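All values reported here derive from a predicted model rather than from experimental measurement. Atoms within a ligand are numbered from 1 in the order they appear, just like the ligands themselves. Positions are given from 1 along the sequence.
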Amino acid sequence: MRLDIVSIFPEYFSPLDVSLIGKARERGTLDVRVHQLRDWTHDVHKTVDDTPYGGGPGMVMKPEVWGEAIDAVIAEGAADGDDEAPAAPRIIVPTPSGRPFTQEIAQELAAEPWLLFACGRYEGIDSRVMREYGTRMRVDELSIGDYVLAGGEVAVLVMVEAIGRLLPGVLGNVHSAVDDSFAPGAMRNLLEGPVFTKPPVWRGHEVPEVLLSGHHGKIARWRRDEALRRTIANRPELAAAIDPATLDKHDRKLLEELAFRVGPEDMAH
Ligand code: ADE
């Protein structure tokens, strides 16, 4: 997968040299290229922003510099690509006003051959940039959560890690991503429960006995109970959205004990 990142702070992306993503880059699974937006300015001050039309606080990133940067990165990528490579990347713009970035979107993006991340700072990028490229390729404005960061760089790090670990061969254990909270499957939309390793007793705290029993059926049941409990406690809105058809008798009993109802009112029980 090819990833291009355009930012006025390329230094932000040094974490992509380490750990799983760093190894994936060394192996060539991931081809990450970070570009300095200011390289496409033409004035001595390398200006990338200006005051907003209509007034208000802050500054807006200028469309001309973004247009030149994105055109150049696309031209370079298209020239480097083999015959199989698409002529255009999918463009991702991190912004707190975007659609929520979820595991489902991470999975969708992990299947793309080429992504271009455009990091905004200040009040954001002139909207015409997204409109212009949106006529020619897919452009997604995505938010990593309901809080405001100083710029898109950290959001891009988050997205690249979430996407990168889903690429074939990036995770050491191929099963690791299967049990993730939010991964598709039987445990979909359930948070993962607590985990333990040796020693069996630490500072007087014991590992739950069932985990030492070697009884795979009981362990699976215990894990599902803990996942349900944790989801209800920490993310009641996720728990409420569980499809009642996916619940077995034991699940229903646990939910009853916890006095928690799932699904539409008339379908519960
Ligand atoms: N830029 C600033 N805040 C952001 C957020 N929450 N998500 C994505 N990009 C952002």
How close does the nearest protein non-hydrogen atom get to atom 6 (N) of ligand 1, and which residue and atom is it? Tyr147 O, 2.8 Å

Looking only at protein heavy atoms, which one is nearest to atom 9 (N) of ligand 1, and how far off is it? Thr95 N, 3.1 Å

Just to be sure I'm reading this right: ignoring hydrogens, which of Pro100, Pro96, Gly98 gets closest to atom 10 (C) of ligand 1? Compare them by their nearest heavy atoms. Pro96

Closest to atom 2 (C) of ligand 1 among Leu149, Ile92, Leu142 (heavy-atom distance): Leu149

Within-cut-off N or O pair, Ile144 and ligand 1, under 3.5 Å: yes

Side chains of His42 and Glu64: any donor to acceptor distance under 3.5 Å? no

Is there a donor-acceptor contact under 3.5 Å linking the side chains of Trp114 and Asp4? yes

Counting heavy atoms only, which part of Ala155 comes closer than 4.0 Å to ligand 1: side chain, backbone, both or neither? side chain

Proximal ligand 1 atoms for Ser143, defined as those under 4.0 Å from one of its heavy atoms: 6 (N), 7 (N), 8 (C)

Mark up the atoms of ligand 1 that fall under 4.0 Å of a heavy atom belonging to Pro94, in ascending order. 8 (C), 9 (N)

For residues Arg2 and Asp80, determine if any side-chain heavy atom of one lies less than 4.5 Å from a side-chain heavy atom of the other. yes

Tell me, do Thr135 and Tyr133 make a side-chain contact under 4.5 Å, heavy atoms counted? no

Do the side chain of Arg27 and the main chain of Gly169 share a donor and acceptor less than 3.5 angstrom apart? yes

Give a yes or no answer on whether the side chain of Tyr12 reaches the backbone of Ser7 with a donor-acceptor pair at less than 3.5 Å. no

